[in-house]
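Taking it in order: structure first as structure tokens, then the write-up.
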Amino acid sequence: MITRVFSGIQPTGTLHIGNYFGAVRNWAAMQDDIESIICIVDYHAITIDVDPTTLRQATLSMATDLIACGIDPEKTVLFVQSDVPEHTELGWILGCVTSIGDLSRMTQFKDKSSKQSFISSGLFTYPVLQAADILLYKADGVPVGEDQIQHLELSRRIARRFNSRFGEFFPEPQQVVGEKGARIMSLSDPTAKMSKSAGETHYVGVMEPETSIRKKVRSAVTDMGLESGDAMSPGVANLFEILELSTESTGQTDILENLRANFAVGSLMYSTLKDAVFEQLMEILRPIQEKRAKLESSGDVIDMLRSGAKRARIMAKETIAQVRPLVGLGTDNP
RNA sequence: AGGCCCGUAGCUCAGUUGGAAGAGCGUCCGACUCCAAAUCGGAAGGCCGGGGGUUCGAGCCCUCCCGGGCCUGCCA
């Protein structure tokens, strides 16, 4: 039985619909039923070279996006990682029960480091900090996608090793699978997951202007036309996926069914599909964008983050206060 | 601490003896397409890492600095 879930998200500046349908929407749905902690992980963000001003803005912007998308800072403990410095202390301690061998097997490190000329040691030990993020709150559930499973497994391994060395203390966090494992693909390259780093044409930003979204959806890769009975090409399947996720919320599932039927008999015009995707997507995004505008002009987000950090820190301090004597650190413990 | 290599467009790089800064990919616009892709046509994009010097003239030579990579050594 999962009792507390932890989610982290990097302050990349803005959310795209892959983040929204894949993660954020599930978080928002979950917060009513289960104790939820969401952390904007700025310590993680600095593992690669990033401009300080950009980072600060991106962090605030990400928080605003999340709240606009339905994360309720009253229900969910929403905060910025570096406002709770206990993350780094636990990170250090856990780093000392983590082997270099385990870390060097992380595919994400190999991936990211191959794209950097300057490879920081922080990038290498990133998964340790991630384990600390989760374990600091003794979260037993982590809603992660497939790409993070390896890191989550390492977190469990780290928890296990800590427990066996210092005594049973941390729960081993389990993967929480969302109701719908949405995995939105890039519009320009539908064989790759949607990501911001791949370039402008690859993603649709949740907060993007309507004209820009229409253009991007219309430019999505499809195929050269299929015979009826053929399987969908990746690009078309992706558009249907986005349409399905959107109509789930708008309730206009008949649109989806019609287009599916058209596809089945081979009479679907992709421009029609794209128009529908755009329309339904905007139904979802419009209210989110409006909410964001209000939030931004209110200037309340900073205060929300501060009070979130206060709540998080109470939990974090308690954990650290227990960990230190277990390990034998400090003078203020017997 | 010593030695070697590197820094030019968003990315990967070329650049002749020192003589008008280039290519490929990507991006943007157009044609084609139901929409896209591919293809074709067009365009934008540069403090040549930074300062100083030599020269009529420096991406290129000298010098210092910054940044990155590799090798050796030293200390803990």
Side-chain angles (χ1 to χ4, degrees), chain A residues 10 12-14 16-18 45-55 57-58 92 95-96 100 103-104 108-126 183-205 208-247 252 255-283 285 329:
Chain A
Q10 281 220 35
T12 51
T14 184
H16 57 68
I17 60 171
I46 60 170
T47 52
I48 57 174
D49 192 35
V50 56
D51 171 69
T53 306
T54 307
L55 178 61
Q57 286 167 352
W92 174 262
C96 298
I100 286 189
L103 288 175
S104 49
Q108 196 181 78
F109 172 74
K110 294 181 200 168
D111 229 50
K112 280 193 173 178
S113 59
S114 69
K115 291 169 189 158
Q116 301 285 324
S117 58
F118 179 84
I119 301 163
S120 73
S121 60
L123 186 64
F124 185 64
T125 57
Y126 185 117
R183 184 174 150 91
I184 305 287
M185 309 305 277
S186 154
L187 295 182
S188 288
D189 176 13
T191 61
K193 199 174 108 169
M194 179 176 282
S195 78
K196 209 184 158 199
S197 57
E200 274 293 327
T201 61
H202 290 260
Y203 72 93
V204 171
E208 239 175 279
E210 203 165 321
T211 50
S212 168
I213 295 178
R214 178 188 284 116
K215 206 167 167 187
K216 284 187 179 178
V217 171
R218 281 198 145 255
S219 303
V221 167
T222 59
D223 57 62
M224 306 216 289
L226 299 171
E227 300 293 317
S228 81
D230 284 354
M232 281 183 198
S233 58
V236 175
N238 191 39
L239 288 169
F240 267 106
E241 175 77 9
I242 297 170
L243 186 63
E244 181 175 353
L245 290 161
S246 303
T247 54
Q252 303 189 47
I255 293 175
L256 174 68
E257 294 314 319
N258 280 338
L259 292 171
R260 272 198 177 138
N262 285 346
F263 180 84
V265 297
S267 69
L268 176 66
M269 301 240 275
Y270 292 147
S271 56
T272 312
L273 172 63
K274 287 178 174 178
D275 287 345
V277 168
F278 167 71
E279 297 291 343
Q280 292 301 304
L281 201 48
M282 285 316 300
E283 292 283 311
L285 299 185
L329 295 170

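So you know, we letter chains A, B, ... as the sequences are listed, proteins then strands, and number each from 1.
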Nearest-Å distance, [atom1] ([X]) to [atom2] ([N])?
X: A/Asp223; N: B/U33; atom1: CG; atom2: P; result: 17 Å
X: A/Phe240; N: B/C35; atom1: CZ; atom2: C1'; result: 13 Å
X: A/Lys115; N: B/G26; atom1: NZ; atom2: P; result: 17 Å
X: A/Arg218; N: B/U33; atom1: CZ; atom2: C1'; result: 12 Å
X: A/Met269; N: B/A36; atom1: CE; atom2: P; result: 13 Å
X: A/Arg214; N: B/C35; atom1: CZ; atom2: P; result: 16 Å
X: A/Leu273; N: B/C34; atom1: CG; atom2: C1'; result: 12 Å
X: A/Asn262; N: B/C34; atom1: CG; atom2: P; result: 17 Å

For nucleotides [N] and [M], find the distance between their [atom1] atoms and express it as a whole number of Å.
N: B/C29; M: B/G67; atom1: P; result: 40 Å
N: B/C6; M: B/G15; atom1: P; result: 11 Å
N: B/U27; M: B/C64; atom1: C1'; result: 38 Å
N: B/U72; M: B/U63; atom1: C1'; result: 26 Å
N: B/G68; M: B/G49; atom1: C1'; result: 11 Å
N: B/A76; M: B/G3; atom1: C1'; result: 24 Å
N: B/A36; M: B/A31; atom1: P; result: 10 Å
N: B/C5; M: B/G18; atom1: C1'; result: 24 Å

For A/Leu281 against A/Ile17, the heavy-atom pair lying closest together:
CD2-CD1, 4.1 Å
Side-chain (A/Lys216) to main-chain (A/Tyr203) donor-acceptor, under 3.5 angstrom
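It does hold such a pair.
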I want to verify a distance call: between [options], whose nearest atom is closest to the [X] side chain?
X: A/Thr201; options: B/C35, B/G69, B/C28; answer: B/C28
X: A/Ser117; options: B/A36, B/C34, B/G68; answer: B/G68
X: A/Val221; options: B/A37, B/C34, B/C35; answer: B/A37

From the options A/Ser197, A/Ser195, A/Ser186, select the one residue that forms a side chain to side chain donor-acceptor pair (under 3.5 Å) with A/His202.
A/Ser186
A/Thr272 near the nucleic acid: base, sugar-phosphate alone, or nothing, with a heavy-atom cut-off under 4.0 Å?
nothing
Which part of the nucleic acid, if any, lies within reach of A/Asp275 when heavy atoms closer than 4.0 Å are counted: base, sugar-phosphate only, or nothing?
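Nothing, no nucleic acid heavy atom in range.
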Whether over 12 other heavy atoms sit under 6.0 Å from A/Asp51 CG
yes
Nearest 0.5 Å please: distance from the NZ atom of A/Lys196 over to the OG1 atom of A/Thr12.
5.0 Å
Parallel, tilted or perpendicular: which one describes the rings of A/Phe263 and A/Phe240, with boundaries at 30° and 60°?
perpendicular
Should A/Glu208 and A/Lys215 be marked as a salt bridge (charged side-chain N to carboxylate O under 4.0 Å, His left out) after you check the CA-CA gap, both sets of side-chain angles, and the distance that decides it?
CA-CA 11 Å; A/Glu208 239 175 279; A/Lys215 206 167 167 187; over 6 Å; no
Would you say the base of B/C35 and the side-chain of A/Ser271 have a donor-acceptor pair closer than 3.5 Å?
no
Given a 3.5 Å cut-off on both pairing distances, which stems involving RNA chain B, each at least three consecutive Watson-Crick or G-U pairs, are present, if any?
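B:1-7 with B:66-72, B:10-13 with B:22-25, B:27-31 with B:39-43, B:49-53 with B:61-65 - these are the stems of 3 or more pairs that involve RNA chain B.
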Regarding A/Asp275 and A/Arg218, does a basic nitrogen lie under 4.0 Å from an acidic carboxylate oxygen?
yes
Is there side-chain contact between A/Thr222 and A/Leu239, with heavy atoms separated by less than 4.5 Å?
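Sidechains of A/Leu239 and A/Thr222: in contact.
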Should A/Lys215 be listed as having a side-chain N or O under 4.0 Å from OP1 or OP2 of B/C29?
yes
Judged by each residue's nearest nucleotide on RNA chain B, which is more toward the 5′ side, A/Glu200 or A/Leu187?
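With A/Leu187 and A/Glu200 compared, the 5'-side residue is A/Glu200.
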On RNA chain B, nearest-nucleotide positions of A/Ser188 versus A/Ile119: which is more 5'?
A/Ser188
